[in-house]
There are 2 protein chains.
Amino acid sequence: MPKVTDAHRAARREQILTAAGNCFARKGFHATSMADVIGEAGLSAGAVYLYFRSKEEIIVGVAGEVFAGIEARLLEFVGRDEPPGPADIADFLVQQPSIARQRAPADFFPLLLSVWSEASRNPTVNAVAGRVIAELRVLLGQALHRWMDAGHPCAMDPDQLASVIISLVQGLVVQQAIDGQPPLEQYRATLRALFEAAQ
Amino acid sequence: MPKVTDAHRAARREQILTAAGNCFARKGFHATSMADVIGEAGLSAGAVYLYFRSKEEIIVGVAGEVFAGIEARLLEFVGRDEPPGPADIADFLVQQPSIARQRAPADFFPLLLSVWSEASRNPTVNAVAGRVIAELRVLLGQALHRWMDAGHPCAMDPDQLASVIISLVQGLVVQQAIDGQPPLEQYRATLRALFEAAQ
DNA sequence: GTCTATATCCGGATAGAC
DNA sequence: GTCTATCCGGATATAGAC
């Protein structure tokens with residue numbers, strides 16, 4: 001196999017996953033047909049089925065990309081020298097670019113919500129989502145632990161607090177996906193006030 | 001129309017919605033077929049289509065019931081004499097029976113998640129969900145307002161805080177639906193600690 | 001009012017030409 | 001490697017008997 005082919009294959013896969021992500025963001029997993037994905041990708045049925053065996057595989061692929069993006073950003077953030085506190089972490093997570101990378105929130109929030117919903121039933125997606133959430137809990141728990149060790153006493157268990165912070169982001173995504181409320185900036189400000197009062 | 005017929009009709013509708021709710025909780029809206037609902041209800045296709053014009057109508061009906069249950073419980077709670085504070089409200093909302101009425105959380109959480117996901121795209125479900133979330137925000141905002149007026153100073157805006165509390169419940173539902181974590185009791189305890197520290 | 005049987009349509013996946 | 005045409009299964013909704 002020549003080198004070109006590998007790069008080509010990767011690009012095609014990416015092209016298909018991006019197209020599928022757009023469709024899924026608009027219509028959800030089950031309401032989008034393969035014809036939609038094929039059309040959005042500008043390819044033919046035969047080409048798409050060469051790279052993915054089934055619609056299921058594409059769904060899993062898109063879910064994987066969504067989580068990978070979120071996790072990468074968070075890893076970078078907590079890896080800095082100064083351990084961030086609850087307020088900083090919440091603040092960072094609620095920033096739209098950190099949740100939604102390239103895609104606009106209006107598209108990304110429903111997509112993320114679809115992935116969670118799918119994860120509650122589809123075993124493969126569940127495995128991906130479950131692994132990522134577990135990793136996020138550990139990551140945040142460790143960061144908070146370091147933060148407390150660095151001289152910030154706190155009455156709450158860092159690992160429990162990690163789940164709470166994740167909830168705050170998930171809840172925001174749910175509400176924003178449904179009625180576009182509350183405004184991100186106000187939400188950020190309230191979380192900061194909450195955590196600074198609790199410290 | 002004789003009286004019996006009205007009661008009969010209501011009972012049939014309820015029978016169908018309950019059966020549909022069970023199916024949706026297991027497989028989600030789009031993966032359950034009308035045949036599934038018909039079988040679970042123990043009726044025939046003709047009978048079901050006599051009470052609901054389409055699958056869409058059934059979905060909307062189930063979504064409406066889900067929200068009605070949650071709202072009724074909350075209304076009862078905030079209507080008591082002593083205005084509840086953030087810790088009390090969060091505590092109440094996280095109790096499984098208050099979220100999940102009859103159904104077990106393991107069934108109800110994925111169902112609720114499906115409803116939210118559907119609400120992000122289906123205009124009719126969105127209208128129902130949006131109205132309920134808006135009402136919950138107002139309801140909680142008013143309760144918190146009364147609580148602050150009753151001598152509990154708080155740095156945060158009550159209306160903003162309402163959205164935050166709703167998020168905390170929504171996030172719990174998402175996480176529980178995906179991997180059954182965190183344990184409800186621990187989560188409740190952490191929220192109580194958080195809000196009591198912040199007061 | 002309720003059931004059975006079915007018309008009709010649509011979506012996923014494949015086969016074979018180029 | 002890619003495209004076109006097509007097949008097959010299954011799902012929704014209806015028609016008509018009882």
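Quick note on labels: first sequence line is chain A, next is B, and so on, each numbered from 1. Scope of the values below: all heavy atoms of this structure, side chains included, with no hydrogens, waters or symmetry mates.
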Does A:Glu57 have any salt bridge (charged side-chain N to carboxylate O under 4.0 Å, His left out) partners at least two apart in sequence or in another chain, and if so, which?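 Residues passing salt bridge (charged side-chain N to carboxylate O under 4.0 Å, His left out) with A:Glu57: A:Arg53.
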Is there a salt bridge (Lys or Arg N to Asp or Glu O under 4.0 Å) between A:Asp88 and A:Arg192? Walk through the geometry before answering. CA-CA 8 Å; A:Asp88 306 310; A:Arg192 180 161 282 283; 3.4 Å; yes
Can you say whether the rings of B:His152 and B:Trp147 are parallel (under 30°), tilted (30 to 60°) or perpendicular (over 60°)?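 Parallel, since the angle between the ring planes stays under 30°.
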Which residue pairs pass the salt bridge (Lys or Arg N to Asp or Glu O under 4.0 Å) test with at least one member in residues 137-149 of chain B, sequence neighbours excluded? A:Asp179-B:Arg137
What I'd like to find out is whether the side chain of B:Ile165 reaches to under 4.5 Å of the side chain of B:Phe195, using heavy atoms alone.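 SC-SC contact between B:Ile165 and B:Phe195 confirmed.
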At under 4.0 Å between heavy atoms, which parts of nucleotides 2-17 of chain C does protein reach? Answer with one letter per nucleotide, 5' to 3': B base, S sugar-phosphate only, - none. BBB------SSBB---
Send over the distance from A:Ile38 CD1 to D:dA5 C1', rounded to a whole Å. 13 Å
